[in-house]
Amino acid sequence: AQAQDDYGLNTGGTPVRRGPISLDAVEQFSIDAVPIDVENGDFSGGALDVVLKSGGNDFHGTLFTNYLNDGMVGRSIRGVDVPSRVSQSNYGAFLSGPIWQDRLFFAASYELYESADLTTTGPTGAGYPNSVTGVTQSTIDQVVGIFNSNYASKFDAGAIVRTKPITDEKYSFKLDANLSDRHRASFTARYGLSEVFQRTNISRTSAGLDSQWYLTGEEDYSYVGELNSDWTDNLSTQLRVTYRDYERRQLPPSGQEFADITVCNTAASGGSATTCDQTGAANPSVIRFGPDEFRQANELATENLQVQLRGVYSKGDHVLKFGFQTQTNTIANLFLPTQDGVYYFDSIADFSAGLANRLRYNDAVGGASLETTRATLEYRVNSLFVQDTLTVTPDVEITAGLRYDWYTNDSPPALNANFLARNGFGNQTTYDGRTVVMPRVGFKWNVNDAFRLQGGLGLFSGGVDRKSTRLNSSHQIIS
């Protein structure tokens, strides 16, 4: 099963920040810079293959923990006291063993990482490494007090807090069954969660309260069922079904459905009515709260269902691989900036009086609801592949194969009449019916026990141009 960032927003290319699986659950890693094998598709970079541990007739387990706090780090630099708020814990466990001797086995892992992220900019005089010019805690209390008293809202404007939590949680569970001497089945479930806060609009000139910040998180579920069959000594097959459900979160602590509020830190309005400035003086800072303009209606979720049937037939010096894959991807993306408005007040007095000096606002065309604004995209990639591996000598292999992909998309986007009128062509063209033929050849030469030379040439297509991580539930490593 592939564990990658399908939408391409994470810098590491994996669905969660600290990796999709606990290391104690890993049997083996394999890195393939250019995966020539025609079975590999839907990505155009390197691959990190991860083989998960399986249970056996004996029980095996591990426990680990590490912990760090203020008492375990330095407290001064060259005699100057430096306040510290360090907090970090990481613990996990792995257990495997038999459910039914020689027949049914399990392997399970769990890991939790928790830490705190320090806020480096805050009110003047509050002891932060960096200060918002001219904004003290009493200034923030004044603005928040006006909002709570003068505006008919239960929205929590928030504060500038010194720390925010960092969380990473993951678990896996695997079942292996020996159905007979020639047939084996397995089922693997995996879960990953990463959460960390992004601080928005907090700097030396902007006091963004934590209702402006947002929790960026990834939640990833994956399920894999696999049946491996040895029909003869020369012919084997594998049927694999994989389902993934991924959500990327951008959640302000007080919710998305509120306006972005900016208040200029001046007693009365002056200079430009729509810019925080004062005639003849340095520009004052601003106090901001409410979800920023890009977080007022922002959701992303993807689903992936893949079915693969692969056969391997060996005869003499040849190993013939052939198979079929079909993969359905569904993407639900909601992004409507400034959907609840961006308000600017030129002074604290204007804010107290309810006099906004500027408002920016966007909504769906025709006043459509958020649900109809959400883009729901679905496409399917179907693949046929065939490959022959020839063992020329015990140290030299040559591989040649062909992969054929074709795309289907039965749900084009709704026609945008304004787009059509402006450009002279519509917005409903998709890659439905498109095909890609990908020939590939490669070689592997074991020069000696310490040196291997390998290379290849071919065409690759699909996926996102980032690292792909494949989690293999069997003990077969693709390399």
I'd like to check the salt bridge (Lys or Arg N to Asp or Glu O under 4.0 Å) partners of [X]; sequence neighbours left out, ordered by chain and number.
| X | result |
| --- | --- |
| Glu397 | none |
| Asp230 | Arg184 |
| Arg182 | Asp233 |
| Asp350 | none |

Charged N to carboxylate O below 4.0 Å: is that the case for [X] and [Y]?
| X | Y | value |
| --- | --- | --- |
| Arg249 | Glu218 | no |
| Lys321 | Asp37 | yes |
| Arg248 | Glu219 | no |

Original post:
Please, which pairs that meet side-chain hydrogen bond (donor to acceptor under 3.5 Å, both in side chains) have at least one residue in residues 117-130, sequence neighbours excluded?
Top reply: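 Passing the test, one end in residues 117-130: Asp117-Arg199, Thr119-Arg199, Asn130-Arg204.
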**OP:** Report the residues that fulfil side-chain hydrogen bond (donor to acceptor under 3.5 Å, both in side chains) with Glu299, sequence neighbours left out, ordered by chain and then residue number.
**Re:**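 Glu299: side-chain hydrogen bond (donor to acceptor under 3.5 Å, both in side chains) contacts with Arg374.
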**OP:** Using side-chain hydrogen bond (donor to acceptor under 3.5 Å, both in side chains) as the criterion, list what pairs up with Tyr214, not counting sequence neighbours.
**Re:**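 None.
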Closest non-hydrogen atom pair between [X] and [Y], with its separation:
| X | Y | answer |
| --- | --- | --- |
| Phe294 | Pro337 | CD2-CB, 4.1 Å |
| Lys174 | Ser54 | NZ-OG, 2.5 Å |
| Pro253 | Lys164 | CG-NZ, 4.2 Å |
| Tyr344 | Cys264 | OH-CB, 3.6 Å |

Who are the side chain to side chain contact (heavy atoms under 4.5 Å, CB included) partners of [X], not counting sequence neighbours?
| X | result |
| --- | --- |
| Ser285 | Val132, Thr133, Val135, Thr205 |
| Asp58 | His60 |
| Val196 | Arg17, Ile166, Gln198, Thr216 |
| Asn362 | Thr338 |

**OP:** Apply the test side-chain contact (heavy atoms from CB on, under 4.5 Å) to residues Leu209 and Ile202: give CA-CA distance (whole Å), side-chain angles for both, the deciding distance (0.1 Å), then the verdict.
**Re:** CA-CA 8 Å; Leu209 309 188; Ile202 182 164; over 6 Å; no
Treating [X] as the side-chain partner and [Y] as the backbone partner, does any N or O pair qualify as donor plus acceptor under 3.5 Å?
| X | Y | result |
| --- | --- | --- |
| Ser149 | Gly145 | yes |
| Asn448 | Ala450 | yes |
| Gln327 | Gln306 | no |
| Trp100 | Ala177 | no |
| Thr65 | Tyr91 | no |
| Asn57 | Gln101 | no |
| Gln339 | Glu293 | no |
| Ser22 | Ala25 | no |
| Arg240 | Leu227 | no |
| Asn178 | Ser180 | no |

Side-chain touch [X]/[Y], heavy atoms, less than 4.5 angstrom:
| X | Y | value |
| --- | --- | --- |
| Ser222 | Tyr246 | no |
| Asp346 | Thr275 | no |
| Thr262 | Tyr343 | no |
| Ile331 | Thr376 | no |
| Leu23 | Glu111 | no |
| Ile348 | Asn265 | yes |

[atom1] of [X]: more than 12 outside heavy atoms within 6.0 angstrom?
| X | atom1 | value |
| --- | --- | --- |
| Asn66 | CG | yes |
| Glu257 | CD | no |
| Tyr110 | OH | yes |

Original post:
Do Arg403 and Ser383 have a side chain donor and acceptor closer than 3.5 Å?
Top reply: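 Yes, because at least one side-chain N or O of Arg403 sits under 3.5 Å from a partner of the opposite role on Ser383.
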**OP:** Would you tell me whether Tyr243 and Glu303 have side-chain atoms, one donor and one acceptor, within less than 3.5 Å of each other?
**Re:**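 Yes.
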**OP:** Would you list the pairs meeting ring-ring contact (aromatic ring centres under 6.0 Å, His included) in which at least one residue belongs to residues 150-182, sequence neighbours left out?
**Re:**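 As it turns out, the ring-ring contact (aromatic ring centres under 6.0 Å, His included) pairs with a partner in residues 150-182, which skip direct neighbours, are Phe147-Tyr151, Tyr151-Phe351, Phe155-Phe258, Tyr171-Tyr191.
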**OP:** Walk me through it: do Glu114 and Leu112 pass the test side-chain contact (heavy atoms from CB on, under 4.5 Å)?
**Re:** CA-CA 7 Å; Glu114 293 179 310; Leu112 178 64; 3.9 Å; yes
**OP:** Any chance you could lay out the side-chain contact (heavy atoms from CB on, under 4.5 Å) test for Lys53 and Ser96, step after step, and finish with the verdict?
**Re:** CA-CA 8 Å; Lys53 292 178 180 177; Ser96 67; over 6 Å; no
Subject >> Derivation of the side-chain contact (heavy atoms from CB on, under 4.5 Å) call for Asp363 and Leu336 >> reply: CA-CA 7 Å; Asp363 206 345; Leu336 188 57; 4.0 Å; yes
